[in-house]
Every structure is written in C-alpha cells, then in structure tokens.
Amino acid sequence: MANKKSKGEENNELKKLIAHAKEYGYVYPSSEIYDGLQAVYDYGAYGSELKNNLKRLWWECMVRLNENVVGLDSAIFMHPTTWKASGHVDSFNDPMVDNKDSKKRYRADVLIEEYAESLRKAGEVDKGNVIESEMNQLLEAEDLAAVKDLIEREDIKCPISGTCNWTDVRQFNLMFDTQIGSVADDSGKIYLRPETAQGIFVNFLNVQKTARQKVPFGIAQIGKAFRNEIVARQFIFRMREFEQMEMQFFVRPGEEMKWFEHWKSVRLKWHKALGVPEDKLRIHEHEKLAHYANAAVDIEFEFPFGFKEVEGIHSRTDFDLKQHQEFSKKKMQYFDPEINQNYIPYVVETSIGADRLFLMTLFNAFVEEEVGEGDKVKQRTYLKLHPALAPIKAAILPLTKKDGLPEKGREIFDRLRFDFNLIYEDTQSIGKRYTRQDLIGTPFCIAVDHQTLEDDTVTIRHRDTTEQKRVSIDALHARLSEACSFTRIFEQL
RNA sequence: GCGGGAGUAGCUCAGCUGGUAGAGCGACAGCCUUCCAAGCUGUAGGUCGCGAGUUCGAACCUCGUCUCCCGCUCCA
C-alpha cells in the first residue's frame with residue numbers, strides 16, 4: 001500500500017509519544033530508578049488527572065445517563081472457585097516446554113499424553129496408562145521438574161527436530177497468584193483477577209435485589225485487573241496491571257442479539273462523541289468466538305502500530321451465571337413477572353481498557369505543526385485534549401511579576417480554584433508559559449495585564465488557535481464551566 | 001533464538017592516539033517589565049548502564065553482564 005507507514009515511522013510516532021508522555025508528567029515507566037519493570041507503567045501528575053477524567057466520563061455515561069445501569073466496586077481478590085467456574089484456571093494455566101533444537105513450544109501435558117497414546121496404540125496399553133497417571137500426579141503436585149524428568153526418562157522426542165533436547169518445564173500462568181492469610185500454604189492460594197466481570201456476576205443477585213432492578217439492567221464497574229502477558233510491548237497498550245471499565249447487561253434469553261446491537265451502536269457513538277476521527281475507528285467482528293460467547297465485536301482504533309482493540313462488546317450468553325450456579329449450588333436466576341418465568345439471564349458485555357482509551361486519547365491529541373514564516377518557522381507541539389478531559393482547565397498568567405499583576409492573578413485564581421483544576425504561574429516570559437501549557441494540553445490561558453487593573457478584564461488564549469479574546473473576570477467562571485463540562489460530550493450521544 | 005547498533009546532566013549530544021567530564025536546550029533564582037520557548041547574570045544537576053581486568057592513570061583499551069533500539073526468525 002502506498003501510504004502504509006514503514007515500521008520505522010510507526011516506531012517513531014510511538015517513541016515520540018512515549019517521550020512526550022514521560023517528559024510532561026503523563027506516564028513514566030514503573031520503578032524506573034531500578035531499570036523499570038517490564039510492561040508496568042505509572043501515571044504522573046497530568047496522566048492521573050486525564051485518566052481520572054476518562055474514567056469519570058465513562059462512569060457518568062454508563063451509570064448516570066442510564067437509569068437501568070448501576071455501579072459496583074467489587075474486590076480484586078475473589079474466592080478461588082470463581083476462576084474454576086469462569087474457565088480461567090483451565091484455559092490460563094499450561095505447563096509449557098520448548099525444544100531447544102526446533103525452537104518449538106509445546107504443552108508438556110499434551111506432549112506426554114500423545115506419547116502415552118502412541119504406546120497404547122503400539123500395544124503397550126498398561127505402560128501408556130501408567131505414564132499418564134504418573135504425569136497427572138506430578139501436575140497435581142505441581143512438580144514441574146519431575147515432569148521434565150519423566151519426558152527425558154521416556155525419551156519423548158520433538159516431532160520436528162526429533163531430539164530430546166528440552167528446556168525446563170515452565171508453568172505459563174496468565175493469572176497472577178498470591179497467598180491469603182499470614183501462613184503461606186497452598187490452601188491459601190488466591191488469584192489476582194484477570195478480568196473484573198466475575199465480580200459483577202457473583203454479585204448479580206445482590207445488586208439486582210438491593211438496587212431493585214428489573215431485567216433488562218446493567219452493572220458497571222471500573223477496576224484493576226492483572227495478566228501475565230507473555231509479549232510485553234507497545235507501551236501502555238499491553239500491561240500486566242491494567243484497568244478495565246466493564247458493564248454487564250442482563251437480558252431475557254432470546255433478546256440478547258437485540259441488546260448486543262444496541263450496545264454496539266451506543267458504544268461506537270460514544271467514541272465518536274469523544275472526538276475520535278471516524279476513519280481511525282472500525283468494528284472488527286470476531287469469527288473465532290471465546291468459549292462463553294455467541295457474538296463478539298471489537299471497536300478498534302488505528303494506532304501507529306495498526307488497528308487494535310480498545311473496547312469489546314460480547315454476547316456472553318448465560319455461560320457465566322450458569323457456571324456460577326453450578327459451582328456455588330446457589331440459584332443465579334431471576335423471576336420475570338412480565339412473562340411469569342424464572343430464568344438465568346443472558347449477558348451482553350461492554351468492556352473497555354482504561355489505559356487503551358488513555359493511549360488513544362493521547363494519540364488523537366498529540367499535534368505537531370509548523371508555525372511562523374521564512375526563517376522563523378518553528379515547530380509547535382500541543383495536546384489537543386477536549387477541555388472536559390484536559391488535566392488542567394486553565395492557567396492564570398500575570399503578564400509581568402510587577403505592578404500588582406501577581407496579586408490580581410492570585411485573586412482570580414482563588415475565585416476559580418474550587419471548581420476548576422488550575423495552574424498559577426508568574427515566572428519567566430509569557431511566551432514560555434504559554435508553550436508549557438500547550439505541551440500539557442491546557443485549553444485556556446488567562447493573562448492578567450495592565451488593562452486588568454483598570455477595567456477587570458483579562459484575555460483568554462485558546463490553545464488550538466492561540467487566539468485571544470478579552471473578557472471580564474466575572475464572566476470567567478461561566479466560560480470555563482461551559483467549555484469544560486461533560487455536557488458538551490453528552491450532547492453528542 | 002540469530003545478526004547489527006546504542007547506553008555520558010531532565011532532553012539532544014560532544015568528548016582526538018588513555019591524563020580524574022563539556023555544550024545547547026530545559027529547570028531553578030535574580031535582573032528586565034516584555035503577549036507566544038526573547039535577552040542578561042547566576043545556581044543546581046553526572047560513581048560516563050553495571051562488574052571485573054590491563055595501566056602510574058580508563059568515559060576511551062580487554063573481558064563479562066544488563067537494558068534499549070533496528071533487521072530477521074518464531075508465535076498469534
């Protein structure tokens with residue numbers, strides 16, 4: 001393709017954003033003084049503000065604007081059986097072994113099972129069964145070294161290289177685990193949740209009853225989740241500790257596709273309302289569905305490294321509630337008075353990564369443009385963040401540090417600070433201060449000049465155009481409220 | 001996994017055939033009182049990625065090690 005970016009260019013765009021994010025207080029590598037921790041990042045002064053604003057916006061759009069969606073804040077720790085019921089223990093936990101010659105990776109249990117099967121076929125039924133039960137015992141005991149010994153003792157070869165040159169057997173746990181209770185033993189092993197959804201499912205009846213909701217209704221939650229990602233790349237796109245914003249919507253069986261389409265269009269509209277250019281968004285339909293789903297789409301954004309999932313909308317059927325009903329022996333059913341029936345509701349999930357949304361927002365906001373003429377051409381860099389999302393709403397900047405201008409500036413600052421996140425700054429030249437605000441994405445700069453002392457007016461500079469307008473100090477509050485309110489985004493929904 | 005390249009101040013980088021570190025920008029303080037990173041003065045900030053070795057002496061040479069980047073390979 002003609003306008004396809006080269007790998008180097010993609011990398012440059014990402015690198016530039018990473019550098020900017022670090023330099024201007026958005027995102028730092030975690031534990032940087034110790035050379036960092038792979039695939040873990042920290043949010044700085046402005047990053048934490050932006051992330052909070054995004055989370056609050058999502059929450060308000062979900063919970064406040066929908067009467068039939070209520071919130072929940074469930075714990076990261078959950079009873080271990082939760083993850084057996086959800087299927088995560090089985091599908092997120094495999095003993096892996098690599099052949100050093102072919103560089104192929106195998107599931108150790110599959111490798112041994114296939115070997116045992118070949119023995120049985122060759123007539124050595126007993127030996128095959130013995131080996132398989134031995135393997136199961138070792139896996140049960142989590143004795144991976146012994147599993148390797150077993151592979152070597154039986155001289156199980158890689159089908160590709162034909163050698164028995166294996167690495168150690170390693171457990172690839174996509175779930176993190178830890179101990180609960182002060183005495184560490186196996187019975188206390190619990191997982192850090194790999195998704196927030198299960199906290200919603202296990203609380204389904206609690207919330208339904210106490211918030212007096214009727215199907216169809218939804219439960220929304222924002223929270224951290226943890227996954228041992230094997231490939232750790234692409235900045236905060238793929239992190240080991242990340243934050244999800246999920247809403248599980250419970251519907252009558254048979255009506256799930258209607259609601260699936262509903263939430264698909266609602267969520268797509270939401271991204272557009274945030275100002276994401278339409279040509280950078282696309283819907284990707286899953287062909288291969290997860291074990292719990294009967295329909296799934298991703299809302300993808302075109303990052304420099306390609307179209308990637310930001311949000312997923314899944315029709316999860318009644319899989320999760322049914323599983324929990326089975327494992328917990330508690331009824332996870334709802335009595336629907338309208339049709340006089342008891343049923344396990346079907347679930348439509350919307351799940352967006354807060355960190356991915358953050359990254360998408362930063363990419364959209366990052367602007368570099370040439371300004372000036374002739375030999376005075378300079379590059380201007382700024383973050384074109386929506387005022388409702390920007391970490392700092394306005395900077396109060398006295399033109400000079402004399403003549404009572406700082407005092408007047410402080411006065412204005414104090415009048416507005418209770419309602420808006422502001423910066424007051426009076427050092428160095430005004431141009432330098434404007435530029436600094438551009439770099440962190442502050443939408444408005446309020447300059448206090450000599451005329452202010454005469455008629456109580458100030459100039460407001462708009463970040464995107466650098467144009468200034470003179471307004472009275474009394475009008476500032478209303479102006480900022482108008483521009484920085486979430487209502488400006490709600491109106492687009 | 002293989003090959004190549006790079007690690008020196010917050011950032012970008014200089015540092016000759018080995019002689020115990022420099023610039024620009026940025027930050028901070030002051031002057032100036034000025035509307036888009038202006039100017040002047042000053043200040044802070046570096047065990048030169050880490051560890052050994054050679055040497056009277058190592059940012060520089062040798063070995064090891066870690067991290068990052070590029071390309072290939074692999075995986076999805």
Side-chain angles (χ1 to χ4, degrees), chain A residues 6-16 18-26 28-39 44-45 91 94 96-107 158 160-161 165 167 172 174 229-235 238 284 286-288 290 305-306 308-309 368-373 376-382 395-406 408-409 425-440 442 444-453 457-470:
Chain A
S6 76
K7 200 101 188 185
E9 278 175 86
E10 284 175 14
N11 211 274
N12 257 343
E13 270 182 69
L14 181 60
K15 253 167 50 187
K16 245 195 291 195
I18 292 170
H20 190 92
K22 186 177 163 227
E23 189 70 15
Y24 297 103
Y26 276 84
Y28 318 117
S30 163
S31 317
E32 198 191 5
I33 61 166
Y34 296 109
D35 287 330
L37 190 59
Q38 224 186 17
S91 59
D94 300 318
M96 308 294 278
V97 64
D98 293 2
N99 184 273
K100 289 179 187 168
D101 299 310
S102 65
K103 315 276 187 223
K104 284 279 173 189
R105 179 166 291 166
Y106 299 90
R107 277 178 55 177
C158 167
I160 295 194
S161 66
N165 188 12
T167 62
F172 274 70
L174 265 62
E229 301 282 359
I230 292 171
V231 277
R233 278 211 188 145
Q234 289 152 347
F235 195 37
R238 189 166 272 125
H284 173 248
H286 285 220
E287 279 153 29
K288 225 166 57 183
F305 41 85
K308 299 281 176 186
E309 175 187 1
E368 285 179 314
E369 57 188 27
E370 307 259 290
V371 292
E373 291 167 2
K376 289 204 167 167
V377 171
K378 280 190 276 194
Q379 188 173 265
R380 187 167 98 91
T381 304
Y382 62 101
I396 315 290
L397 311 173
L399 192 60
T400 77
K401 223 195 277 188
K402 274 192 173 170
D403 307 329
L405 296 186
K408 193 69 186 172
E425 200 174 22
D426 59 16
T427 56
Q428 298 171 325
S429 75
I430 187 86
K432 204 173 265 192
R433 284 176 274 159
Y434 284 148
T435 302
R436 265 200 291 262
Q437 297 307 318
D438 287 342
L439 290 166
I440 62 170
T442 305
F444 306 108
C445 286
I446 296 164
V448 180
D449 57 16
H450 292 90
Q451 192 180 330
T452 308
L453 300 176
T457 62
V458 291
T459 60
I460 298 188
R461 170 187 179 273
H462 291 251
R463 173 198 62 206
D464 302 345
T465 59
T466 77
E467 275 166 18
Q468 290 177 292
K469 289 204 176 90
R470 188 161 280 277

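So you know, we letter chains A, B, ... as the sequences are listed, proteins then strands, and number each from 1. Keep in mind that what you see is a predicted model, and the values were worked out from it rather than measured.
With both ends at atom P, the span from B:C2 to B:U73 equals 16 Å, rounded to whole Å. Using atom C1' as the reference point in both B:U17 and B:A58, the two lie 14 Å apart (nearest Å). The gap from the C1' atom of B:A9 to that of B:C48 amounts to 10 Å, rounded to the nearest Å. Rounded to whole Å, the separation between the P atoms of B:C25 and B:A21 comes to 23 Å. Annotation: B:C60 and B:A6 have their P atoms spaced 15 Å apart (nearest Å). Taking atom P on both B:C50 and B:G7, the two are 13 Å apart, rounded to the nearest angstrom. Remark: the separation of the P atoms in B:C13 and B:U54 is 35 Å, to the nearest Å. Look at the C1' atom in both B:C74 and B:C16: the space between them is 45 Å, to the nearest Å.
A:Phe235 has its CZ atom 13 Å from the P atom of B:C69, to the nearest Å. As rounded to whole Å, 7 Å separates atom P of B:C31 from atom NZ of A:Lys402. Atom pair A:Leu399:CG and B:C36:P shows a separation of 10 Å (rounding to whole Å applied). Note: CG (A:Asp426) to P (B:C31) measures 12 Å, nearest angstrom. Summarising the geometry, the separation between CD1 on A:Ile430 and C1' on B:G39 is reported as 17 Å, rounded to the nearest angstrom. Put simply, NE2 on A:His286 is 17 Å from P on B:A76, counting in whole angstrom units. Rounded to an integer number of Å, the gap from A:Lys16 NZ to B:C11 P is 18 Å. The separation between A:Glu368 atom CD and B:A37 atom P is 16 Å, rounded to whole Å.
Using a 4.5 Å cut-off on side-chain heavy atoms (C-beta onward), A:His462 and A:Thr465 make contact. In this structure, the side chains of A:Leu397 and A:Ile430 come closer than 4.5 Å at one or more pairs of heavy atoms. Counting only heavy atoms from C-beta outward, the side chains of A:Leu405 and A:Leu453 approach each other to under 4.5 Å. Annotation: side chain of A:Glu425 is not in contact with side chain of A:Pro398 (no heavy-atom distance under 4.5 Å). Side-chain contact between A:Thr466 and A:Tyr434 is absent, with no heavy-atom pair separated by less than 4.5 Å. Using a 4.5 Å heavy-atom cutoff, the side chains of A:Ile460 and A:Gln468 are not in contact.
Here the nucleotide nearest the side chain of A:Asp403, chosen from B:A37, B:C69, B:U33, is B:U33. Listed nucleotides: B:C11, B:A37, B:C35. Nearest to the side chain of A:Ala447: B:C35.
When A:Arg436, A:Arg463, A:Gln437, A:Arg461 are each tested for a side chain to side chain donor-acceptor pair (under 3.5 Å) with A:Thr442, only one passes: A:Gln437.
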Heavy atoms under 4.0 Å is the rule here; annotate nucleotides 25-30 of chain B 5' to 3' with B where the base is hit, S where only the sugar-phosphate is, and - elsewhere.
-SSSSS
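Of the residues near RNA chain B, A:Thr400 and A:Glu467, the one whose nearest nucleotide (by heavy atom distance) lies more toward the 5' end is A:Thr400. Checking A:His450 against A:Tyr24, the closest nucleotide of RNA chain B that is more toward the 5' end is the one next to A:His450.
A:Thr452 pairs by the side chain to side chain contact (heavy atoms under 4.5 Å, CB included) definition with A:Lys408, A:Val448, A:Asp449, A:Val458, A:Ile473, not counting sequence neighbours.
Evaluation of atom-type donor-acceptor distances gives a pair under 3.5 Å for the side chain of A:Asp449 against the base of B:C35. Judged by distance alone with a 3.5 Å cut-off, a donor-acceptor contact links the side chain of A:Arg461 to the base of B:C36.
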side-chain hydrogen bond (donor to acceptor under 3.5 Å, both in side chains) evaluation trace for A:Thr459 with A:Arg470
CA-CA 4 Å; A:Thr459 60; A:Arg470 188 161 280 277; 5.4 Å; no
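Side-chain atoms of A:His284 do not come within 3.5 Å of backbone N or O of A:Lys308 as any donor-acceptor pair. Side chain of A:Arg433 to backbone of A:Thr427: a donor-acceptor contact under 3.5 angstrom is found.
Consecutive Watson-Crick or G-U pairs involving RNA chain B, each under 3.5 Å on both distances, make up stems of three or more pairs at B:1-7 with B:66-72, B:10-13 with B:22-25, B:27-31 with B:39-43, B:49-53 with B:61-65.
Residue contacts shown for A:Leu397 are absent, as no nucleic acid heavy atom lies under 4.0 Å away.
One finds a side-chain N or O of A:Ser429 lying less than 4.0 angstrom from the OP1 or OP2 phosphate oxygen of B:A38.
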